[in-house]
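Working notes, beginning with the structure itself.
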Amino acid sequence: MPDEVIDCRGQRCPLPVIAAARRMPEVPVGTVVRVLADDPAAAVDIPAWCRMRGQEFLGSVNGPDGPAYDVRRTH
Amino acid sequence: MSASPVYLDAATAAPMHPVARQALLAALDDGWADPGKLYTQARRARQLLDAAREATALTLGVRADEVSFTPSGTTAAHGAVLGGLTGRRRVGSTLVHSAIEHSAVLHAAERHVGAGGTATVVPVDRSGRLDLTAWSTAVRAPGVALAALITASHEVGTVQPVAEAAAACVDVGVPLYVDAAQSVGRVPVPAGWSVLTASAHKWGGPPGVGVLAVRKGVRWESPWPADERESGRTPGVVNLPAVVAAAASLRAAAADAAAEAARLAPLVDRVRERVAAEVPDVEVVGDPVLRLPHLVTFSCLYVDGEALLHALDRRGFAVSSGSSCTSSTLRPSHVLEAMGVLSHGNVRVSLHRETTEADVERFLTELPGIVAGLRAEAGVVGL
Ligand SMILES: Cc1ncc(COP(=O)(O)O)c(C=O)c1O
C-alpha cells in the first residue's frame, strides 16, 4: 500500500511527473508515493522519470480512482 | 526580430529536390494526358510513366512490372498490408508486425483485426530495435499470413534488423512487407522482402506519390475494388507529373545518398552529443550507432512538447514531436511508449540535402536557452 497519494487526475503531462518530482524530496527515503494520473502519457513518463532519477518504480494499478503509479523514494 | 527559417523536419517532408521541380514542370506540359488511351498525347504520357517506373525499379533493384505508384505512402502501406493478408487468407489470418510501425500500417492492422483477423505485436528494446527472438517465434506460429517491419523508425531513427527478420520469414515461408519510407533514397534496403512501400516526399519528391513494390510470385491480392491501372494493385489514375518528378528525384537522391549520409551522419552525432552535454535532464533516444544518417530524437524532462515546438518555431526552427500534446489523439507516440522512454518534451530533428552545418550549429546554440526558458517559466528548475 502507498504511504501517500498525489492526485494528478485531469492534469496533462508533464504535470504529473513534475508533481511527483516536487514531492519526492519532501518524503522520507523508503516512502511509497502513489500518483493518480489519467493522462495516458503518465504510463510512459512516470517509469521513465524513475529510471532517469534512480527512484524505484513499483508498478501501476488500475483501481476505482483510475490509473495509478507507485514510486518508492530510494535516495 | 524574426529568425531566419531552419527547416529540420525532413522525415515528414523533405524540401523538393531541384530535379523534382524541373521534372514536374516539364511533365505538366508533356504528361497531362491519360496514359491508358491510344492517341498520340496518351502515348507520350505512357512513355513518361514507363520511364518513371523503369527508373524507380532500377533504384529499388526490382523489375519494372513489380512497381506501382500510389497516391501516397499511406495508401501504399494500406495496400501492402491488406493485400498481403488477402493474398494468403487461405494460409491464415495472422499479421505479425513490430510495435513501432507507422500509423498507416497500424491502422491497416486495426482494420484487419476489426474484420476478425488477428495481429501479433513484436516488441522493441529501449533503443527501439526489434526483439528478433520474439519476431522469429511470432512468424513461426501457425496461421501467419504476413509479417510487417519498418526498415528504420520514422520517429527515432533506429535501423531495424531487416536482413535477420527476413531470414526468419524465409525459413517459414511467410512473406515480409517492409515500410521503407525513411530509407529509400537515403540508405540501402536489405534484400529478402516480398513487398516494399515508400513515399516520395521523404526523399525530395513531391507529396502525394507512394511506391508499392510486390515481388514476382508473392501471393498478394489487391484489397481494393477492381481497377486495371498500375497492374491492378492500386485504383485510380496516377498523378503523372508528380510520379515523373518522384522518379527523377529518387534517381538523383539515390546517386547522392552515400555522400549525403556521410555528410549528415556526423551532424546527427553532433546533435546527439551536444544535446546530451548541454541540455540538462535530457534523454537522447534511439540506437547511437545503428541509425538513420539524418534523424535524431530527444526528450526534455519537465518540458511540454507543444510549448517547445512553438518556442523553437518562434526562433525559426521547424521540428516534429512525438509528445502527446502535439498529437490529435492526445496520446504519446506509440514508438516512444514501446521503447519505454520519456515521451513529453520530445523533439525529432531530421536533416536533408539543404541542411548546413551552420543550421545545426545555430540550433545547438539556441536550444539550451530555449529549454531553460521554458523550465524557468514552468517553475521546474532544480527539480
Ligand atoms: C515510415 C513511414 N511510413 C509511411 C508514411 C506515410 O507516407 P505519406 O506521408 O506519403 O502518406 C510515412 C510518412 O509519414 C513514414 O514515415
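Residue numbering restarts at 1 for every chain, and letters A, B, ... go by the order of the sequence lines.
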*Could you grab the distance from atom CE of A:Met52 to atom CG of B:Leu342, nearest 0.5 Å is fine?*
5.5 Å
_Applying side-chain contact (heavy atoms from CB on, under 4.5 Å), can you list everything that pairs with B:Val159, at least two apart in sequence or on another chain?_
B:Ala152, B:Leu292
_Heavy-atom closest contact (B:Gly340 atom, A:Ala48 atom, distance)_ = O-CB, 4.2 Å
_Minimum heavy-atom separation for A:Val44 and B:Val341, please, with both atom names._
CG1-O, 3.1 Å
*asked:* Taking side chain as everything from C-beta outward and backbone as N, CA, C, O, which of these in B:Leu383 sits under 4.5 Å from a heavy atom of chain A? Side chain, backbone, both or neither.
replied: both
*Kindly write out the residues that satisfy ring-ring contact (aromatic ring centres under 6.0 Å, His included) with B:Phe317, not counting sequence neighbours, or none if the list is empty.*
B:Phe363
Using only the distance criterion (under 3.5 Å, no hydrogens considered), which donor-acceptor pairs connect chain A with chain B?
residue : atom : partner  : partner atom : Å
A:Arg22 : NH2  : B:Gly379 : O            : 2.7
A:Asp45 : OD1  : B:Ser343 : N            : 2.6
A:Asp45 : OD1  : B:Ser343 : OG           : 3.0
A:Asp45 : OD2  : B:Ser343 : OG           : 3.2
A:Asp45 : OD2  : B:His344 : N            : 3.2
A:Asp45 : OD2  : B:His344 : ND1          : 2.8
A:Trp49 : NE1  : B:Tyr302 : OH           : 2.8
A:Arg51 : NH1  : B:Glu283 : OE2          : 2.7
A:Arg51 : NH2  : B:Glu283 : OE2          : 3.2
A:Arg51 : NH2  : B:Gly340 : O            : 3.0
A:Arg53 : NH1  : B:Asp281 : OD1          : 2.9
A:Arg53 : NH2  : B:Asp281 : OD1          : 3.1
A:Arg53 : NH2  : B:Asp281 : OD2          : 2.9
A:Arg53 : NH2  : B:Leu383 : O            : 2.9

_Under 4.5 Å from any heavy atom of chain B - which part of A:Pro40_ = both
